[in-house]
Amino acid sequence: MQLFNTLTRKIETLQPLNPPHVNLYTCGPTVYDYPHIGNWFAYIRWDSLVRTLLASDLKPDWVMNITDVGHLVSDADEGEDKLEKGARREDKTAWDVAEFYGNYFVQGLQRLNIVMPGRITKATEHIAEQIELVQKLEEKGFTYVISDGVYYDTSKFPRYRDFARLDIEEQQAGARVEYNTEKRNPTDFALWKFSPKDRQRDMEWDSPWGKGFPGWHIECSAMSMKYLGSTLDIHTGGIEHIPVHHTNEIAQSEAVTGKPFSRIWLHSNHITVNGEKIAKSAGNGITLEDIESRELPLAALRLHILESHYRSQSKFSWESLEAAQNRLNGLQAMAALRWQPVTIDRDESAAIKTTALAILADMQNDLNSPAALAKLSALQNHLETALLSASELEAFEHFLSLLDNLFGLGLMNQPDVSVQQKQLIAERQTARDTKDWPLSDQLRDQLADQGIAVRDTAHGPIWYKI
RNA sequence: GGCGCCGUGGCGGAGUGGUUACGCAGAGGUCUGCAAAACCUUGUACACCGGUUCAAGUCCGGUCGGUGCCUCCA
């Protein structure tokens, strides 16, 4: 398995510390609002990673967090807590907001047929672990306290800028945002924030430094190390996390353990909608509900996403989603062939197996799903030309099974047509044999009303669902 | 302003120096009772200008354009 490692900016071979286990941590959502397709985009990517690991006989131990406290409106620890803000918007408590959108997110994973992480951990359920980690940092002299919280002194961690490869001094000189001037360095970040003195937060806890709540970054370090150990095999997240969130995770984790925090870092690029980035201010945050209201299956979104590479910036438009749906329909027509092998003297099981291996190899090559789908199309066209012989059925079903394991499109979920429908297909063929075209066409219309299309081949009628 | 990324046919999207993946859509054709599917053909695709090379979409430099993070938002 080859993966592009952000740490080295190179393609590397995955070498798990404890094979066949692969310790995998994914930065999950901040649950304060409905996710849009840009959010889901990343999780479908990591689903591909996990599915490829599984298909490669590896055992991913996958932990994903849910940020339900501490993520401030600005990633640079300024502004208010997103959860508290969401609570005010909806006239609920932050706890209610976290509960609602947390559940909604997990249901979304299921709706998108994303492999469920082994553990989904909530920041609010790991406050003690986070306090403990801050204490360790304090013991090692990485922290200092100012009026609004406990901060990490990034100047004490010489490798701080290595991960993002940014010239921090230059960057800050041009930044158009003001930062808390009490901080020793512009890049210093909060480990623990104090509750405001003038009002009570919905979410706050006692700590050795005073009542407050954990900083955004510390949760990922605390939870990933608790469940997966001090060195991860793979840590994933969106590219926006490279300069701040992941840089900070590395700084605080490695300062405590003295070991590499993660051996491989994977980052997924973003998706644009009609050429523009998805942003609250642009109002282009398409949701799963928007897709379903247009009667497009979520599997089409999945396929659309897999048509581009996870490190490329991808484009979304309704037109391209419909194109993906048409492609999906074609794949389902191919999958329907497994219910209707024909009698021909031919066996290309070997070709099917070769394609299966090539597709798996593409996915193992830094999740090259577009290349894998191209190989799939080549075989698909071939099979539909020649149809499927009974001798090829076993290899074909294994093939479909692999496709479903890798891509999660549910090609094998499609059932056979009913006995009655088979009867109609047979009657239509009889009508054709006797050249009773009106009856034949009437039966075809009847089947179409039931969502079944029929095409006539040299080997008899073949159905597929429309 | 700093640090990046990208510019491929109508749309989307791969391309690891050497017969222009693939998908969707379009045109013509073969086949077909009709249809569908499939197949064949077709569209002067590699932003522009230099350079390296026997050979460049692919490497190097520059120009123009777009875009990402730092700044609500993944």
Side-chain angles (χ1 to χ4, degrees), chain A residues 9 11 27-30 33 35-43 73-76 78-79 82 85 161 164-178 186-187 237-245 267-272 275-285 303-304 306-309 311-317 319-331 333-334 362 365-366 368-378 380-387 431-432 435-438 440-441 444-445 448 453-458 461-464 466:
Chain A
R9 307 295 202 271
I11 302 267
C27 282
T30 301
D33 205 346
H36 53 63
I37 51 170
N39 304 110
W40 293 118
F41 184 80
Y43 301 109
V73 166
S74 161
D75 283 359
E78 307 288 339
K82 290 183 179 184
K85 188 180 179 185
R161 68 186 62 182
R165 303 192 175 183
L166 291 177
D167 186 333
I168 303 292
E169 310 308 323
E170 290 298 320
Q171 178 177 354
Q172 290 301 328
R176 289 189 290 263
V177 87
E178 294 191 6
T187 49
I239 51 167
E240 76 283 359
H241 287 146
I242 296 172
V244 178
H245 185 50
H267 290 98
S268 63
N269 209 319
H270 288 171
I271 187 169
T272 59
E276 291 181 350
K277 70 176 297 195
I278 300 173
K280 286 257 191 255
S281 54
N284 54 1
L303 182 58
H304 179 43
L306 294 171
E307 283 175 332
S308 66
H309 195 271
R311 285 194 282 119
S312 300
Q313 190 175 78
S314 312
K315 297 176 189 170
F316 175 92
S317 66
E319 189 188 5
S320 59
L321 186 60
E322 280 162 20
Q325 195 206 344
N326 288 340
R327 186 177 195 171
L328 181 63
N329 289 343
L331 289 173
M334 175 190 78
D362 279 332
N365 178 20
D366 197 29
N368 194 345
S369 52
L373 290 175
K375 292 190 173 70
L376 170 55
S377 292
Q380 177 189 351
N381 294 340
H382 177 69
L383 287 179
E384 291 199 355
T385 308
L387 299 178
R432 289 187 71 234
K435 298 194 193 302
D436 185 348
W437 310 127
S440 161
D441 290 347
R444 181 163 64 196
D445 291 344
V454 181
R455 61 190 172 97
D456 299 312
T457 76
I462 296 289
W463 60 261
Y464 59 98
I466 48 178

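None of the values given here were measured: they were computed from a predicted structure. Note on naming: letters A, B, ... go to the chains in the order of the sequence lines (proteins, then strands), and numbering restarts at 1 for each one.
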Any heavy-atom pair between the side chains of [Y] and [X] that's under 4.5 Å?
X: I271(A); Y: S314(A); answer: yes
X: N269(A); Y: R311(A); answer: no
X: T187(A); Y: R161(A); answer: no
X: H245(A); Y: C27(A); answer: yes

With both distances kept under 3.5 Å, what pairs with [N], Watson-Crick or G-U wobble?
N: rU71(B); value: none
N: rG26(B); value: rU42(B)
N: rG65(B); value: rC6(B)
N: rC59(B); value: rG51(B)
N: rU16(B); value: none

Can you tell me if [X] uses its side chain to pair, donor with acceptor, with the backbone of [Y] under 3.5 Å?
X: H304(A); Y: Q325(A); value: no
X: Q380(A); Y: M334(A); value: no
X: N39(A); Y: H36(A); value: yes
X: H309(A); Y: D366(A); value: yes

What's [X] touching, base or sugar-phosphate or nothing? Going by heavy atoms closer than 4.0 Å.
X: H36(A); result: base
X: A323(A); result: sugar-phosphate
X: K277(A); result: base
X: I242(A); result: nothing
X: E322(A); result: nothing
X: Y464(A); result: sugar-phosphate
X: S440(A); result: base

Let me spell it out: for each of P370(A) and E319(A), pick the nucleotide of RNA chain B with the closest heavy atom. Which residue's pick is nearer the 5' end?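 By nearest-heavy-atom nucleotide position, the 5'-most residue is E319(A).
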Residue whose closest nucleotide on RNA chain B lies nearer the 5' end, S320(A) versus A324(A):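 Upstream on the strand: S320(A).
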Nearest to side-chain heavy atoms of [X], which nucleotide of [options]:
X: H309(A); options: rG68(B), rA14(B), rG33(B); result: rA14(B)
X: A371(A); options: rU67(B), rG23(B), rA14(B); result: rA14(B)
X: H270(A); options: rG13(B), rC69(B), rC22(B); result: rC69(B)
X: Q313(A); options: rC24(B), rU67(B), rC34(B); result: rU67(B)

Measure from [atom1] on [X] to [atom2] on [N] and round the result to the nearest Å.
X: L328(A); N: rG23(B); atom1: CG; atom2: P; answer: 15 Å
X: D441(A); N: rG33(B); atom1: CG; atom2: P; answer: 13 Å
X: L306(A); N: rC22(B); atom1: CG; atom2: C1'; answer: 14 Å
X: M334(A); N: rA38(B); atom1: CE; atom2: P; answer: 12 Å
X: R444(A); N: rC34(B); atom1: CZ; atom2: C1'; answer: 6 Å
X: K85(A); N: rC73(B); atom1: NZ; atom2: C1'; answer: 10 Å
X: H267(A); N: rC70(B); atom1: NE2; atom2: P; answer: 13 Å
X: F316(A); N: rC73(B); atom1: CZ; atom2: P; answer: 22 Å

[atom1] spacing across the pair [N] / [M], given as an integer number of angstrom:
N: rG57(B); M: rA47(B); atom1: C1'; value: 12 Å
N: rC48(B); M: rG7(B); atom1: P; value: 13 Å
N: rC69(B); M: rG50(B); atom1: P; value: 35 Å
N: rA55(B); M: rC70(B); atom1: C1'; value: 43 Å
N: rG26(B); M: rG9(B); atom1: C1'; value: 12 Å
N: rU71(B); M: rA14(B); atom1: C1'; value: 34 Å
N: rG17(B); M: rC60(B); atom1: C1'; value: 13 Å
N: rC11(B); M: rC46(B); atom1: P; value: 13 Å

Checking only heavy atoms, does the side chain of N269(A) share a donor-acceptor pair with the base of rC69(B) at less than 3.5 Å?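 No pair found.
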Within the modelled atom types, does a donor on one side and an acceptor on the other bring the side chain of R455(A) and the base of rA35(B) under 3.5 Å apart?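 Result: no qualifying N/O pair found.
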Under 4.0 Å: is that the gap between some side-chain N or O of [X] and OP1 or OP2 of [N]?
X: K435(A); N: rC34(B); value: no
X: K82(A); N: rC73(B); value: yes
X: N326(A); N: rA25(B); value: yes
X: K315(A); N: rG13(B); value: yes
X: S312(A); N: rA14(B); value: yes

Closest non-hydrogen atom pair between A453(A) and I466(A), with its separation: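 Taking A453(A) first and I466(A) second, the nearest heavy atoms are CB-CG2, 3.6 Å.
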